2 protein chains.
Amino acid sequence: MNGQPADRVEETVAIALRLFTERGYDNTPMSAVADALGLTKAGVYHHFESKEHLLYLVHKHTLESQLVPLIEQAEAEPDAGMRIRRFMIDYVLLLARDPSAAMLINESRRLAPHHLAEIRGIWRRGYRMLRGTIIELQQRGLCREGVDPVYAAFGAIGMTSWIIHWFDRARGGNADAVARTMCGIFLDGILKDGARP
Amino acid sequence: MNGQPADRVEETVAIALRLFTERGYDNTPMSAVADALGLTKAGVYHHFESKEHLLYLVHKHTLESQLVPLIEQAEAEPDAGMRIRRFMIDYVLLLARDPSAAMLINESRRLAPHHLAEIRGIWRRGYRMLRGTIIELQQRGLCREGVDPVYAAFGAIGMTSWIIHWFDRARGGNADAVARTMCGIFLDGILKDGARP
DNA sequence: CTCCTAACCTACCGGCCGGTAAGTTTTTAG
DNA sequence: CTAAAAACTTACCGGCCGGTAGGTTAGGAG
């Protein structure tokens with residue numbers, strides 16, 4: 001119930017998340033993780049079978065605590081338009097606030113194939129929610145012609161995700177304005193002229 | 001005038017582009033580059049002062065031969081709407097066709113700071129062109145309210161660039177349809193209801 | 001032919017880093 | 001208190017890789 005990690009595994013995952021974000025996965029030797037924990041390298045390897053496994057746990061823990069709730073909140077939204085809006089805005093705010101999200105995206109290539117598949121499955125839940133919502137809008141006749149739900153969903157994800165490459169909250173970036181602009185462009189871009197709120 | 005590289009430097013850059021794309025920068029030892037050239041490692045280091053320098057040349061050469069012409073073609077387009085359309089479509093087709101573009105985006109972090117700054121300057125030309133075009137549309141009263149030119153430009157770039165993370169031309173991906181859908185969403189998203197062609 | 005230079009090779013260095021074997025301390029169970 | 005299991009430490013290995021010192025070959029100029 002307090003902010004302290006319950007055990008060494010959680011503590012290590014939290015520290016690795018920070019170090020990987022600050023220095024990158026390849027530039028963070030396990031000795032650095034050990035130092036930050038006040039342990040030796042072998043002490044860390046008592047809890048993790050490999051560095052890749054630690055990276056996998058960092059991915060899994062962070063996505064489940066940050067991304068999944070955000071998807072579930074959006075899914076709970078009854079109105080389709082609001083569902084998209086809710087997700088896009090919260091997602092932009094998340095990426096703008098937390099630089100570790102960018103690390104997860106960049107370093108996912110280092111995962112072993114089966115771990116990568118599992119992690120991509122988590123990301124895919126957001127994609128599926130968006131695509132399903134766009135299909136629903138289409139079936140209700142609210143979408144413009146020529147909007148492919150798959151490509152549109154990836155468009156919304158890409159437009160927002162890309163902020164990891166340019167947004168700098170330290171230099172006067174206004175995350176709220178980014179979120180509103182992008183969400184507005186996307187919804188105006190897929191909805192028929194008469195279907196907007 | 002033929003397809004053969006004019007000298008060893010060009011030849012090496014071409015081979016490094018291929019190897020970095022296939023295996024990643026970190027997983028491509030200089031010995032692999034040397035092998036592919038039929039040289040030894042020291043033979044390669046006769047032409048390049050460091051591996052990072054080789055990566056820099058790969059970036060520079062590829063961007064100048066692939067991205068810059070695409071930007072200049074778009075800039076030559078007199079109509080603002082067509083300028084955006086032209087760029088977005090050609091850019092999507094480029095990314096969908098050539099996996100090395102994804103490598104350049106992913107591995108740019110390995111560049112030394114001054115090289116990174118120069119390479120980002122090339123990418124930025126596309127951003128500036130888009131932003132300037134959106135501002136032009138705004139001044140002519142063709143844009144919806146609330147469209148920030150900076151965030152909109154990054155939105156167009158992000159929506160299209162993100163296909164490096166999901167598009168798979170080997171599995172029936174239709175790059176033309178992607179390009180048309182995304183370009184349509186973006187233009188419908190920023191232009192007033194009456195301003196579309 | 002000679003001389004020079006660019007291109008290239010052999011052989012090596014040094015450091016880093018993931019991972020481990022084997023032993024020691026700490027905690028827990030009974 | 002005892003014993004075993006869990007949590008560590010010390011000390012090390014082995015491999016890879018970027019980079020280089022110094023010598024060798026090839027090719028063109030004169």
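Since the structure is predicted, the reported quantities are computational estimates derived from the model, not experimental observations. Chain A is the first sequence line, chain B the second, and so forth, proteins listed ahead of strands; every chain is numbered from 1.
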Task: Test log, rule side-chain contact (heavy atoms from CB on, under 4.5 Å), inputs A:Arg83 and A:Met129 - done: CA-CA 9 Å; A:Arg83 205 144 69 228; A:Met129 187 268 291; 4.1 Å; yes
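The CZ-C1' distance, from A:Phe20 to C:dG18, rounds to 12 Å in whole Å. Look at CG on A:Leu37: it is 12 Å from C1' on D:dC8, rounded to the nearest Å. To the nearest angstrom, P of C:dT20 lies 14 Å from NE2 of A:His53. In this structure, B:Glu11 atom CD and C:dA7 atom P are separated by 13 Å, rounded to whole Å. Remark: P of C:dG15 and CG of A:Asn27 are 18 Å apart, rounded to the nearest angstrom. At whole-Å resolution of the value, CG in A:Asp26 and P in C:dG15 are 21 Å apart. If you take CD of A:Glu49 and C1' of C:dT20, they are 14 Å apart, rounded to a whole angstrom. Straight-line distance from the CD atom of B:Glu10 to the P atom of C:dA7: 14 Å, rounded to whole Å.
Considering only side-chain atoms of B:Leu39, the nucleotide from C:dC8, D:dG18, D:dT9 that sits closest is C:dC8. Comparing atom distances between the A:Pro29 side chain and each of D:dT10, D:dG19, C:dC17 picks out C:dC17 as nearest. Taking every side-chain heavy atom of B:Ala42 into account, C:dC9 is the closest of C:dC9, D:dG18, D:dT10.
Dashed line: the shortest gap from a side-chain N or O of A:His46 to OP1 or OP2 of D:dT9 is not under 4.0 Å. Side-chain N/O atoms of A:His47 include one lying less than 4.0 angstrom from OP1 or OP2 on D:dC8. Close to D:dA6, at under 4.0 Å from its OP1 or OP2, lies no side-chain N or O of A:Arg8.
For the residue pair B:Ser161/B:Tyr91, the side-chain donor-acceptor check at 3.5 Å is satisfied.
With respect to the salt-bridge test (charged N to carboxylate O, under 4.0 angstrom), the residues A:Glu77 and A:Arg85 do not qualify. Classification of B:Asp26 and B:Arg110 as a salt-bridged pair holds, one side-chain N sitting under 4.0 Å from a carboxylate O.
Under a 3.5 Å cut-off, the side chain of B:Lys60 and the backbone N or O of B:Ile122 do not form any donor-acceptor pair.
Across all strands, B:Ser31 comes closer than 4.0 Å to no nucleic acid atom at all (heavy-atom distances).
Comparing A:Gly38 and A:Lys41 along DNA chain D, the residue whose closest nucleotide (by nearest heavy atom) sits nearer the 5' end is A:Gly38.
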